[in-house]
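Right, one structure below, let's go through it.
Since the structure is predicted, the reported quantities are computational estimates derived from the model, not experimental observations.
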Amino acid sequence: MSRTKVRDIQSYTKLIVWIFVIGYLCFSSGENISRLNINTIIPDWLLPHIDKCVHFTMFFVLAFLIKSLHWQSTISNKLFYWYLCAGIVYAGVTELIQNFFISTRSGDILDFTADMVGFGLSILIFPYWPKFIKWFFG
């Protein structure tokens, strides 16, 4: 198997796994997540906004994985834009499902906004990522 094929399989595997991670985090009971006892590592000022930070991070990583597929030239520009649209739809659908089908969760337009800010920021800063890594790690 060629190196490009192996890299494609690894990239798609990461993307699919992350989609399932987002689904789990969005659809699981809030009680399961509160058992993680994150209060000890999160500053008090951030705790009221932790949900928005999680949404931002989930979709930041999703867009980063999609952009990395595109950057590696494994997908065309057209397919890249379809994946971006699918990511946006996924963010909206997760909020709708939370609102209408999961009694322990509620859909929130601010969660969707955090999703989109994370998604967009990831796409915007992706080209600068190697420079940041080089600067940060020397």
Just by modelled atom types, is the [Y] backbone N or O under 3.5 Å from a matching donor or acceptor in the [X] side chain?
| X | Y | value |
| --- | --- | --- |
| S122 | F64 | yes |
| E95 | D108 | yes |
| S11 | D8 | no |
| R105 | S28 | yes |

In terms of hydrophobic clusters joined by side-chain contacts under 4.5 Å, are [X] and [Y] together?
| X | Y | result |
| --- | --- | --- |
| V117 | L110 | no |
| Y24 | I19 | yes |
| L69 | F59 | yes |
| I66 | M116 | yes |
| I102 | M58 | no |

I need the [X] [atom1] to [Y] [atom2] distance, nearest 0.5 Å.
| X | Y | atom1 | atom2 | value |
| --- | --- | --- | --- | --- |
| F56 | D51 | CZ | CG | 14.0 Å |
| D115 | T57 | CG | OG1 | 10.5 Å |
| W18 | T13 | CH2 | OG1 | 15.5 Å |
| K67 | I75 | NZ | CD1 | 8.5 Å |
| I123 | L121 | CD1 | CG | 10.0 Å |

How about CH2 on W71, more than 12 heavy atoms from neighbouring residues, nucleotides or ligands closer than 6.0 Å, or not?
no
Using the benzene-type ring in the case of Trp, are the ring centres of F60 and F119 under 6.0 Å apart?
no
Can you give each donor-acceptor pair under 3.5 Å made by side-chain atoms of residues 77-86, sequence neighbours left out, with the distance rounded to 0.1 Å?
from: N77; atom 1: OD1; to: H70; atom 2: NE2; distance (Å): 2.5
from: Y83; atom 1: OH; to: Y12; atom 2: OH; distance (Å): 3.1

Applying side-chain contact (heavy atoms from CB on, under 4.5 Å), run through F112 and T94 and close with a yes or a no.
CA-CA 9 Å; F112 179 75; T94 58; over 6 Å; no
Side chain to side chain, V61 and I22, heavy atoms closer than 4.5 Å:
no
